[in-house]
Amino acid sequence: MAATSLSPVITSHTLNLLANQPQPKTNDSSPIATLKNCKNLVQLRKLHSQFTKQGLIHHPPTVTKLISTCTEMGTFDSLVYAKNILNQFRQDNQNGATLFMYNSLIRGYSSIALGNEAVWVYLELLSLGILPDKYTFPFLLSACTKVSASAEGFQVHGSIIKMGFQGDMFISNSLIHFYAECGEIVLARKVFDGMTDRNVVSWTTLICGYARCGFAKEAVELFFEMVEEGTRPNSVTMVCVISACAKLKDLELGERVCEYIGELGVKVNTLVVNSLVDMYMKCGAFDTAKRLFDECEEKNLVVCNTIMSNYVHAGMAREALAILDEMLRERVVPDRVTILSTISASAQLGNILQGKCCHGYVLRNGLEGWDNILNALIDMYMKCGKQEAACAIFDGMANKTVVSWNSLIAGYIRNGDVTSAWEVFNNMPESDLVSWNTIISALVQESMFKEAIELFRTMQNCGIKADRVTMVSVASACGYLGALDLAKWIHAYIKKNKIPCDIRLSTALVDMFARCGDTSSAMKIFNKMEKKDVSAWTAAIGAMAMEGNGNQAIEIFNKMLRQGVEPDGVVFVGLLTACSHGGLVEEGRDLFKSMKSVHKISPQIVHYGCMVDLLGRAGLMEEALDLIKSMPVEPNDIIWGSLLAACRMHRNVDMAEYAAERIKELASDRTGIQVLLSNIYASAGKWSDVAKVRLQLKEKGAQKVPGSSSIEINGETHEFTSGDESHPEMVHLAPMLDEMHRRVKAAGHVPDHSNVLLNVDEQEKEYLLSRHSEKLAMAFGLISTNRGMPIRVVKNLRICSDCHSFAKLVSKTYNREIIIRDNNRFHFFQRGVCSCKDYW
DNA sequence: CTAGGGTTAG
């Protein structure tokens, strides 16, 4: 297995072998030639003192070579050394330093990404009265680009114009690059448009800039424009365009571009192959990418890293590790990027042994100075459930980045410790979009929907722009709240802020509107979706299920099949639920059978649950029981619970007791079942049994989940709990409740006491019933909204039969549309009738 | 002298 393959092969041994390669020897003994073979600072120091003794230190060409040798080493120390040589030379020779020396130094600082130092050297050069040349600026701009020193870059651009260098093509190309990297694509374009001469680099730089600034489509268009205009692309151009196609995830376009380039006869080098592999993988064509990879004669490090990281990203950790094996077999030496992917793969598999092995490799090879590696290790330890190890790395980090904090937060949440996550979030020095997204999605997962929305608002006040990940969480929270006004606002917000809707976000919106009872908006979004995957279709089918529209659900399902989308188990849950809510027994049976016979999907326990529900609701109690007995797997408490619920509806006490017995055998702690059983006894008037179950519940310390309903008024969600007299609005609510009861009673309502659990006198029962949360919410809706406006209520439990018939009469006497979403489906009450046809 | 591939967290 891949799990054990890492340890024997990746050792410090391989890297040490490489480090001790012999230096090439030469017989040329001239000072400049000696410098050519000088590879490190120790050797250079020796030569420097040798030159000083020989008096060569006043010889400009030697000093120039000495400095450029240092700067090419590209380390901080070597640059400090170079600067000292230059300063010494300047003192000894009355400012005799040459421009070439300064250019060398600027280039060196640029190479180690010390842009500020480079700018400083440039200023010193000006102060000495030395005029820069056309070579100075590209180095300088590249330094500014690397450290995103935009202010300095703008000043350099000013300098360029002042000194009359703006006509130079190389400098203009550097400017395009600089502006594009700063995200100033408009300014980059302005430079490009102002050029009299352009070469392939100018075009390529601009194309790459567009792609980097998020305009991949424009980048590809620019490429076609370039070819039309007569500029021949080279392999670098090809890499840029292909990576733009990868960003678009547009395989067709990518292949068209390749064909086009092929016709032009552009040379395909390894770099192009690397970008091709990347594009195929990003477009999901893993097989094509792998074939291309296998055809590579020599597998270079980058193509291996590309394929590995893409596999890890796609959740294919095992495939990634197989590539690692192959690399090691072919003696490709892994680098830190390879290790990064390996750590991620280990994290994904939860393979702590391999993760620790990577950690050891990191320490042995001195890679722990690289933040990304440490961040990946934090993530890995967290995913393996080793919080302490993760924290130890975090605490030991000298340069914690936002990613370090975010990894810690995500780790805590994954391990169920939301409190610690929240604490870290509040104490981190600077939070970014990902931090907020992580916490918001955690709140949604913890069912804290109101809090999630609230945090989203706070986030906006902090000036952080939401993206589609944020909106998926927010839409989902809104769906659970069933707040339609909020839903509409969210939809408008996405449009206004031009947040790109991918499949996931669109699906979340369909689901949100469906849960808020706005089926037409849900379907409008669904129909506009360009690409639909199984989840998208499932959301649409779920929308129908919530309305109880079984036939429409089946129609959508058939359309999905016609479009060639493979169904999965989840779609069938939605479908069977829709059939159940719609009372489509025959269709439900057929679909259930077709799962295995047509679609080769073995029904899971949830599907049996749906079927028991479907048959039970229709009163086919014996058939439901037979189905349970025929199940290939042992029925669980949920299955028996479904049967129990049906027994309640049809007042079948005998079978209810049988089902409850089975649940007890399963030693289930599901107190919900016990509550349900006590409900059944209550509705059958068996008060002594109710008392017995209640006692059992009490011993377990369980409590009945309180009924709670919410209603959205002017964008604010108000929540009411059953029997809660302490609500601040109660003063206004009580008279309205009394009036409602009077008018509904006059219209013929007879309170249905079977839903009251406690064995109290009739009058008391009626009072408790009148304080059910959905009635409180309805009353609040009536006093807070204008005449004729629909009233939308969301309830956490199933609506009771008394409230159901009550709502029907309220809709009639007050001439209002009332929409109640319970934990199962929607009930549209209009003119005294409910959309569920009293079947739910 | 200018442009280009692989890099962690939601």
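So that the names make sense, note that chain A is the first sequence line, chain B the second, and so on, each numbered from 1.
- Read 5' to 3', the first and last nucleotides of DNA chain B with an atom closer than 4.0 Å to a heavy atom of chain A are B:dC1 to B:dG10.
- Within 4.0 Å (heavy atoms only), A:D432 reaches at least one base atom of the nucleic acid.
- Every side-chain hydrogen bond (donor to acceptor under 3.5 Å, both in side chains) that A:N310 has, sequence neighbours left out, goes to A:D278.
- Residues passing the salt bridge (charged side-chain N to carboxylate O under 4.0 Å, His left out) test with A:D197: none are found, sequence neighbours excluded.
- Taking the six-membered ring for Trp and thresholds of 30 and 60 degrees, A:W436 and A:F425 have ring planes more than 60 degrees apart, a perpendicular arrangement.
- Backbone-only engagement by A:S407 is indicated by non-hydrogen atom pairs under 4.0 Å involving sugar-phosphate atoms exclusively.
- A donor-acceptor pair under 3.5 Å links the side-chain atoms of A:D432 to the main chain of A:S435, judged by distance alone.
- Nucleic acid contact class of A:D168 (heavy atoms, under 4.0 Å, all strands): none.
- Residues that satisfy the ring pair (Phe, Tyr, Trp, His ring centres under 6.0 Å) test with A:F394, not counting sequence neighbours, are A:W405.
- Heavy atoms of A:D371 sit nowhere under 4.0 angstrom from any nucleic acid atom.
- When heavy atoms are screened at a 4.0 angstrom cut-off, A:N103 is found touching no nucleic acid atom at all.
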All N/O donor-acceptor pairs, side-chain side in residues 105-114 of chain A, below 3.5 Å, sequence neighbours left out:
residue	atom	partner	partner atom	Å
A:S110	OG	A:S142	OG	2.7
A:S111	OG	A:G108	O	2.7

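- Residues satisfying the side-chain hydrogen bond (donor to acceptor under 3.5 Å, both in side chains) test with A:T306, not counting sequence neighbours, are none.
- Residues meeting the side-chain hydrogen bond (donor to acceptor under 3.5 Å, both in side chains) test with A:D467, sequence neighbours left out: A:N437, A:T470.
- When heavy atoms are screened at a 4.0 angstrom cut-off, A:N310 is found touching no nucleic acid atom at all.
- A:R468 comes within contact range of no nucleotide atom at all, as no heavy-atom separation falls under 4.0 Å.
- For A:Y493, the side-chain hydrogen bond (donor to acceptor under 3.5 Å, both in side chains) criterion is met by A:Q460, not counting sequence neighbours.
- Contacts between residues 196-204 of chain A and DNA chain B, counted as heavy-atom distances below 4.0 Å, involve A:V201, A:T204.
- A:I409 comes within contact range of no nucleotide atom at all, as no heavy-atom separation falls under 4.0 Å.
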